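From a predicted model like this one, the values you see are computed outputs, not experimental measurements.
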Amino acid sequence: MANPLNFLTLSTLSCLSLISPLSYAFSYGDPSALEQAQLELINRARANPLKEAKRLGIDLFEGVATTQMSSNPAQPLSFNAQLLDTARTHSLEMLQQSYFEHNSSSGISPFIRMQQTNYDYAYAAENIAANGYEGVINDIQFAEAMHNSLFIDKGYPDRGHRIAILNPNMREVGAGLAYGAWKYDKSNFNAALLTVDFGTRKFARPIILGVAYDDNDHNAFYTVGEGLAGVEVSITNNQSTLTASAGGYGLEVDPMRDYTVNFTHPQLGTVSKVVRVNNDNVKVDILLSDFTATNRPKTIANQPAQQCAVIEQKKLTIPCINAVGQVYAVELLDIGQKPSNQRFGIQSINFKDLSRATACGSYDATSGVANIGCILIDNQKYNAELVLNPAAGNAIFDLKLHNIFMF
């Protein structure tokens with residue numbers, strides 16, 4: 001993949017001294033998966049700057065005066081809907097109007113743009129970056145490459161992008177992306193433009209933030225496409241929100257308190273984590289495996305069984321089913337011969353052609369569908385699917401499925 005462009009620049013840090021008479025409630029926004037990935041990479045760097053520099057093959061203080069930056073961890077950043085809107089709008093305008101500057105085409109600075117979205121900042125900064133490609137952009141590679149370029153900051157005086165990424169005064173961010181045909185310096189490119197607006201609102205409180213994801217690539221880190229949307233996040237003072245479409249969330253809270261953070265998956269139940277919040281933001285992620293580990297049934301088969309599932313006396317016995325890398329034996333009670341029993345969260349069992357039946361079934365936690373590879377009914381073999389009912393409330397699921405089927 002050709003990558004002929006890598007333009008990087010940084011605005012100076014600014015502080016506003018006047019107090020706005022207006023106050024706006026915090027909102028996380030709805031970042032895309034690539035925008036969420038940018039935040040996760042930034043927060044990984046802030047959590048351990050020395051490790052991030054080592055990963056990228058540089059000295060953390062290369063090109064930077066030690067008085068401008070610290071190797072200490074910095075608080076994690078949360079998305080802010082106003083900053084996200086500001087960043088996206090600027091990236092899109094640069095793409096559509098074929099320029100690459102911090103000021104807009106009409107001369108409006110990043111800091112005025114933030115104020116125009118009613119973001120009343122005490123601290124603010126902006127990074128912008130652009131990559132132009134001759135071919136198709138690989139989303140996952142792009143997300144990390146853009147962050148790496150900004151952190152390494154090769155050739156930029158005083159490594160201002162790295163300093164902005166690690167600035168401990170910042171609490172929130174908007175990482176806005178735009179893609180498309182872009183004409184720059186008399187050449188046409190397939191381009192991706194990124195604006196990262198950092199900020200801290202006046203009188204801002206700490207934020208409990210994080211991301212819910214299914215670690216499909218088993219690297220213990222969020223990857224584009226792994227986010228879990230619609231997970232309810234609630235805390236002990238009755239605040240609640242749902243994870244956004246890319247899996248992220250944020251809740252503004254009072255400082256110097258302990259909080260119980262409850263994560264409720266629409267199918268897998270609730271997992272709770274206790275956190276201490278001082279004056280800084282706190283990051284609390286939740287993985288799909290956190291739910292599945294909590295709700296695994298007690299009976300686990302080490303090897304796939306070779307016999308079919310059986311329905312007898314209103315009980316379905318599934319000898320083996322693969323779920324989240326584990327193999328389980330499962331029993332469902334009181335389901336009837338061809339059930340539609342909402343009490344146990346079962347919407348339907350669809351009996352299919354037996355010719356393609358296999359011995360061991362599989363469960364997809366995202367869709368809530370269990371493929372029962374082989375089922376025996378009245379001496380006839382069938383292939384079947386078990387479709388869970390996401391509309392059934394959590395209390396209904398707690399009745400049986402947390403301990404018997406849901407994993």
Side-chain angles (χ1 to χ4, degrees), residues 3-16 38-39 41-46 48-74 77 83 86-87 90-91 93-95 98-105 107-114 121-133 142-178 182 184-187 189 191-200:
N3 183 11
L5 295 181
N6 190 10
F7 300 110
L8 303 171
T9 187
L10 173 71
S11 69
T12 57
L13 187 67
S14 177
C15 180
L16 184 68
Q38 287 295 318
L39 175 60
L41 291 163
I42 289 170
N43 279 336
R44 180 175 69 182
R46 290 172 67 88
N48 194 330
L50 288 171
K51 187 175 181 179
E52 187 74 357
K54 182 178 180 180
R55 183 182 72 85
L56 295 173
I58 63 171
D59 179 88
L60 178 63
F61 294 98
E62 175 274 327
V64 179
T66 55
T67 57
Q68 293 181 293
M69 197 172 65
S70 171
S71 61
N72 295 328
L77 302 180
L83 290 179
T86 303
H90 188 60
S91 291
E93 183 182 285
M94 288 193 295
L95 182 76
S98 300
Y99 74 94
F100 186 73
E101 300 288 345
H102 283 286
N103 286 352
S104 70
S105 59
I108 300 175
S109 75
F111 310 112
I112 297 299
R113 295 198 308 270
M114 293 179 196
Y121 65 83
Y123 299 95
E126 180 177 271
N127 285 352
I128 60 174
N131 278 345
Y133 296 86
F142 159 77
E144 189 156 2
M146 192 75 87
H147 166 78
N148 293 349
S149 294
L150 286 165
F151 193 90
I152 295 171
D153 219 1
K154 184 177 180 180
Y156 190 83
D158 301 321
R159 308 299 186 257
H161 302 95
R162 193 188 312 160
I163 291 172
I165 290 171
L166 299 178
N167 189 329
N169 292 320
M170 301 304 174
R171 192 183 289 277
E172 298 169 329
V173 72
L177 285 160
W182 189 48
Y184 187 82
D185 196 23
K186 299 181 181 180
S187 298
F189 299 94
L193 282 85
L194 171 68
T195 302
V196 184
D197 285 329
F198 302 90
T200 296

Option passing side chain to side chain contact (heavy atoms under 4.5 Å, CB included) with L150 (candidates I128, N127, I42): N127

Nearest non-hydrogen partners of A74 and P168, listed with the distance: CB-CA, 4.1 Å

Main chain of T195, side chain of S91: is a donor-acceptor contact present, judged purely on distance under 3.5 Å? yes

Measuring from E101:CD to S109:OG, what's the distance to the nearest 0.5 Å? 13.0 Å

Side-chain donor-acceptor pair present, R55, N148, cut-off under 3.5 Å: yes

How close do A175 and Q38 get, heavy atom to heavy atom, and via which atoms? CB-CB, 4.1 Å

Taking the inter-plane angle between the rings of Y99 and H90 on a 0 to 90° scale, is it parallel (under 30°), tilted (30 to 60°) or perpendicular (over 60°)? perpendicular

For the pair T200 (side chain) and N169 (backbone), establish whether a donor and an acceptor sit closer than 3.5 Å, ignoring hydrogens and angles. yes

Any non-hydrogen side-chain atom of M69 less than 4.5 Å from a side-chain atom of F61? yes

Does L50 have any side chain to side chain contact (heavy atoms under 4.5 Å, CB included) partners at least two apart in sequence or in another chain, and if so, which? N48, L60, S71

Among residues at least two apart in sequence or on other chains, which ones pass side chain to side chain contact (heavy atoms under 4.5 Å, CB included) with S70? N72

How long is the gap from CG on L177 to CG on L193, to the nearest 0.5 Å? 9.0 Å

When you compare the side chain of I108 with that of N103, does any pair of heavy atoms fall below 4.5 Å? no

Rounded to the nearest 0.5 Å, the OG1 atom of T86 sits from the CG atom of D197 at a distance of 6.0 Å

Using modelled atom types and a 3.5 Å cut-off, is there a donor and acceptor pairing between side-chain atoms of E93 and backbone atoms of S105? yes

Nearest 0.5 Å, what's the OH-CZ distance between Y184 and F189? 10.0 Å

Please round to the nearest 0.5 Å and tell me the distance separating atom CE of M170 and atom OH of Y121. 10.0 Å

Is there a side-chain contact (heavy atoms from CB on, under 4.5 Å) between V64 and D158? Walk through the geometry before answering. CA-CA 5 Å; V64 179; D158 301 321; over 6 Å; no

Show the nearest heavy-atom pair for residues F198 and L83, with the distance to one decimal. C-CD1, 4.2 Å

Is there a side-chain contact between V196 and V173 in this structure, where contact means two heavy atoms from C-beta onward sitting under 4.5 Å apart? yes

Considering residues at least two apart in sequence or located in another chain, which fulfil the side chain to side chain contact (heavy atoms under 4.5 Å, CB included) criterion with A45? E52, H147, F151, I165, L166

Nearest heavy-atom contact between A124 and M114 is CB-SD, 3.7 Å

Could you report the tightest heavy-atom contact between A87 and G174, atom names first, then the distance? CB-O, 3.4 Å

Give a yes or no answer on whether the side chain of D153 reaches the backbone of H161 with a donor-acceptor pair at less than 3.5 Å. yes

Pairwise side-chain contact, R162 with I58, heavy-atom cut-off 4.5 Å (strictly under): yes

For the atom pair CD (E144) and CG (L41), what is the distance rounded to the nearest 0.5 Å? 5.5 Å

Could you check whether any side-chain N or O of W182 sits under 3.5 Å from a backbone N or O of N131, counting only pairs where one atom can act as donor and the other as acceptor? no

Less than 4.0 Å between a side-chain N and a carboxylate O, is that true for E62 and K154? no

